[in-house]
Amino acid sequence: MVAAVLGVAIGVIFWFWGMLWESTAPLFLFFPPAQAVIYGMWLVPGVLGMLIIRKPGAGVLTSVAAATVSMLLGTHWGLVVVLAGLLQGLMPEVVFALGRYRFWGMGISVLAGAAAGLAPTAMDLTLYYADWPFAYMAAYGGIVVLSAAVIAGVGGRLLTTALARAGALTPFPSARG
């Protein structure tokens with residue numbers, strides 16, 4: 001239930017983030033891959049779901065819920081966002097699973113965020129930017145992964161800590177650090 005609620009809230013933010021993405025495109029005409037600096041917001045739910053709920057599947061469920069809400073509110077990417085949500089939630093899950101669901105600090109959060117960035121890099125370069133020169137593709141991939149590490153990884157960890165300090169996570173293990 002918590003993963004779904006988080007997903008719905010983040011899905012509404014995604015809907016606005018999609019409009020921000022579209023409206024900022026002209027600012028990056030000088031170097032289109034640079035727009036990926038704001039990409040990390042779309043990777044927050046997979047990391048945040050895992051950090052708060054700390055159970056296998058929480059990242060995938062939170063990310064798919066957010067993507068589904070975004071799609072239902074109306075996004076020009078259509079149904080593809082649900083597949084993206086699945087992959088973007090799965091990658092942080094893999095990182096936390098490799099840590100045997102024992103580590104929840106900043107380091108693993110950043111690693112989980114960066115891993116989440118690999119999914120859209122592969123997907124976007126295949127679906128949307130296949131005609132870019134290799135230098136653009138490499139830059140885009142690096143910027144997406146870095147944005148994901150900072151916004152989803154660091155941001156997700158800081159948000160979890162802030163929510164725990166505010167008492168919002170009292171029923172969860174994440175309330176204890």
Linked, directly or transitively: [X] and [Y] (ILVMFWY side chains, under 4.5 Å):
X	Y	answer
I10	V2	yes
M123	I143	yes
L51	L158	no
L61	L48	no
V47	V110	no

With L118, the side-chain contact (heavy atoms from CB on, under 4.5 Å) member among V94, V145, L87: V145
Indicate whether any N or O donor in one side chain lies under 3.5 Å from an N or O acceptor in the other, for T161 and R157. yes
Running the 4.5 Å side-chain criterion over Ile, Leu, Val, Met, Phe, Trp and Tyr, what cluster does L29 land in, apart from itself?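 None, because no other hydrophobic side chain comes under 4.5 Å of this residue.
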Members sharing V69's hydrophobic cluster, built from side-chain contacts under 4.5 Å between Ile, Leu, Val, Met, Phe, Trp and Tyr, are V8, V12, W15, F16, M19, L73
Would you name the heavy atoms of [X] and [Y] that are closest together and state the gap between them?
X	Y	answer
A119	M91	CB-CG, 4.1 Å
W77	V81	CB-CG1, 3.5 Å
Q35	T24	NE2-OG1, 3.1 Å
G40	I151	C-CG2, 3.6 Å
L43	A148	CD1-CB, 3.2 Å
A36	V144	CB-CG2, 3.5 Å

Does the side chain of [Y] come within less than 4.5 Å of [X]'s, by heavy atoms?
X	Y	result
V80	Y128	yes
L20	M41	no
E93	Y101	yes
M50	W104	yes

With ring-ring contact (aromatic ring centres under 6.0 Å, His included) as the rule and sequence neighbours excluded, what pairs involving residues 50-74 come up? none
Only pairs at least two apart or in different chains count here, so list each ring-ring contact (aromatic ring centres under 6.0 Å, His included) that has a residue in residues 136-159.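 Of all non-adjacent pairs touching residues 136-159, those that pass ring-ring contact (aromatic ring centres under 6.0 Å, His included) are F31-Y136, Y129-Y140, W132-Y136, W132-Y140.
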First locate atom CG of L111, then atom CZ of F103, and finally report the distance between them rounded to the nearest 0.5 Å. 12.0 Å
Hey, what do you get for OG1 (T160) to CZ (R165), rounding to the nearest 0.5 Å?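 Separation between the atoms: 11.5 Å.
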If a pair satisfies side chain to side chain donor-acceptor pair (under 3.5 Å) and one of its residues is in residues 58-70, list it, with sequence neighbours excluded.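 Every pair satisfying side chain to side chain donor-acceptor pair (under 3.5 Å) with a residue in residues 58-70: there are none.
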Quick one: ring pair (Phe, Tyr, Trp, His ring centres under 6.0 Å) partners of Y39, sequence neighbours excluded? W21, W42
